[in-house]
Amino acid sequence: MSGGGSGGPSGVMRTRREKLEALRARGVEPFAYSCEVTARAAPSVAMFEEAEAAGSLVEGRGSAEHWAGRLVAFRSHGRSAFADLEDHTGRVQIYFKRNVVGDEAFGLLDLLDRGDWIGVEGRLFRTRAGQVTVRADSFRLLAKSLRPLPLGKVEIDAGTGKARTYSGFADREGRYRQRYADLAVNSGVREVFRLRARVVSAARRFLDDLGFLEVETPVLQPQYGGASARPFVTHHNALDRQLYLRIADELYLKRLIVGGMDRVYEVSKDFRNEGIDRFHNPEFTMLEFYQAFADYEDMMELVEQLFVTLAEAANGAPGCDYQGTRIDFARPFARLRFVDALGEALGADPLALPVDELRERARALGADDLEGAGRGKLLDKLFGELVQPDLVQPTFVLDHPRELSPLAKARRSAPELAERFELFVAGQEMANAFSELNDPIAQRARLEDQAELRAAGDEEAQVVDEDYIRALEYGLPPTGGVGVGIDRVVMVLADQASIRDVILFPTLREA
RNA sequence: GAGCCGGUAGCUCAGCUGGUAGAGCAACGGACUUUUAAUCCGUAGGUCCUGGGUUCGAGCCCCAGCCGGCUCACCA
């Protein structure tokens, strides 16, 4: 890749610098300070067509409008020229006619390039070829583009209305490293992130409307916890102490419930020092919410409503197509007990099987790295292999073995289980929730069990957080809590196969 | 971490059994006052990822490395 320098192997960048100087020589400032905008590409065309259909259109009348956007295509015809201008709503064609804009301005068109930002003043009309177009009265350069964007050519198939892109910017690495160029050139990528924003804001609205308070808890923590994962470790110079980047919000949010904030939520970046693949990015977005006086049954209700709301916010209807499969977010979602589902797959009661046999079964499925794994981890692994991939439609899996869930209350009728559920969609975990363990003595015992697993070699096992135990000792009311992996949800709702396609700047290796 | 595939012009890619590097689009010059992948004529553009090696000769073969994609393993 050529990259730097004022030249560029093909001289494209040098040519653009020369044009920049030529513009300045003609008294044109190539980097404007502001510009009037009164119209957007797609809505203005739609309004024009409506007026036309209603017969209320008098061509050439009405006041001129101002559009602003990026020049994405240019077709010169001697004394006239056509350009495509793209703004955040879409594209509109611009028609420049020499004897309308004037000789001097028309000559400036030679100094424009694809990728330049321009402002155009004019009126809409319909061309002989039938396209609604802005007839430019005047135009202004807003910002010169000195580096060529990898703009492909786009043809809209007249029959199907589907866009075909020629050439274009397809290289995944380049797209992730230079997301600005990816966004500039691939409008579908912008749409994915608009959808993501709708999903996140719908989640906030949903919780706000139920009286949840949005809060912010520390990213830099003296003691990480709330999930099973390895942390990032960092150091604060002035305090000369080690700090961890949070792996979950859970323990802090429950401290707030102790403090009497009885419905809280947080949308946060969490950090886990684990591998990277199409389902995992080291920093990812988590939504967690906690409600006092509720148990996991109540939270299941809430999660069901939440996911219907999110699907509607994303796609206008409670469903989506994920990688060719129709997903239907119709309530009620299916419910499966963890032990029943795994028991059926194993042909035996998972709670009755000895640890050695569980390990053998897991090994037979091709899992390795099982040495430090206790019962819980083995059951989890077996479930992940045997049951999870089949959970395509929204499905709650509930009542996990207790050793899998050190922060959850024991199932009231079956103490070997936990009051916990996970929501699976498209074979992926979307949410995880429990009736929160609020007995400080039991909680200490459970965390100490984890510490033992840790000592036995499980690096992801949790650690005892004394301050959290102290908070519980003051009294945590019965509480239901939920964590939602926002990136995963967006992947499903936006039909994206890789988490990197729903994160604007995914973590990459050193360039 | 392992396996497979890949890195050639600004972009998308071709390049045979080893013989001095190609196309389309983009760019540049010219013609064209309703085009739309505009068209037509012409021009320029390359550390073939990096470093070694084999060879008279390497984009191509060998070795090492870097980067990426996919799959698997761990994790959400």
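In this text the structure is predicted, and so the values were computed from the model without any measurement. Heavy atoms only: backbone and side chains are in, while hydrogens, waters and symmetry mates are out. Convention: sequence-line order gives letters A, B, ...; per-chain numbering from 1.
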- Message: Just the rounded figure in Å: distance from C1' of B:G6 to CD of A:Glu173.
- Response: 11 Å
- Rounded interatomic separation in angstrom, taking CG from A:Leu508 and C1' from B:C66: 15 Å
- If you measure from the C1' atom in B:G45 to the same atom in B:C28, how many Å do you get, rounded? 10 Å
- Item | Centroid separation A:Phe289 to A:Tyr265 less than 6.0 Å | no
- Query: With sugar-phosphate meaning primed atoms plus P, OP1 and OP2, does A:Gln131 contact a base, only sugar-phosphate, or nothing at under 4.0 Å between heavy atoms?
  - Reply: base
- Note on the structure: Between CZ of A:Arg126 and P of B:U36 the distance, given in whole Å, is 17 Å
- If you check every side-chain atom of A:Glu385, which of B:U34, B:U35, B:A73 has the closest atom? B:A73
- Ignoring backbone atoms, test whether A:Arg278 places a side-chain nitrogen or oxygen under 4.0 Å from the OP1 or OP2 oxygen of B:U71. yes
- Query: Between A:Arg75 and B:A38, does any side-chain N or O lie under 4.0 Å from OP1 or OP2?
  - Reply: yes
- Task: Please confirm whether the backbone N or O of A:Ala418 pairs with a side-chain atom of A:Arg402, one donor and one acceptor, at under 3.5 Å?
- Result: no
- Task: Name the residue closer to the 5' end of RNA chain B, choosing between A:Asn99 and A:Gln428 according to the nucleotide with the nearest heavy atom.
- Result: A:Asn99
- Task: Could you state the atom-to-atom distance from CZ of A:Arg128 to P of B:U33 in whole Å?
- Result: 12 Å
- Note on the structure: Assert: residue with more 5' nearest nucleotide on RNA chain B, out of A:Arg114 and A:Ser76, is A:Arg114
- Message: Does A:Arg135 qualify as a cation-pi partner of A:Phe125, given the criterion of NZ or CZ under 6.0 Å from the six-membered ring centre and within 45 degrees of its axis?
- Response: yes
- Could you give the CG-to-P distance, from A:Leu149 to B:A27, as a whole number of Å? 12 Å
- Item | Member of A:Asp182, A:Asp501, A:Thr507 meeting the side chain to side chain donor-acceptor pair (under 3.5 Å) criterion with A:Tyr176 | A:Asp501
- Query: What is the distance, rounded to the nearest whole Å, between atom CZ of A:Phe279 and atom C1' of B:C70?
  - Reply: 13 Å
- Item | A:Phe169 CZ - B:U12 C1' separation (whole Å) | 12 Å
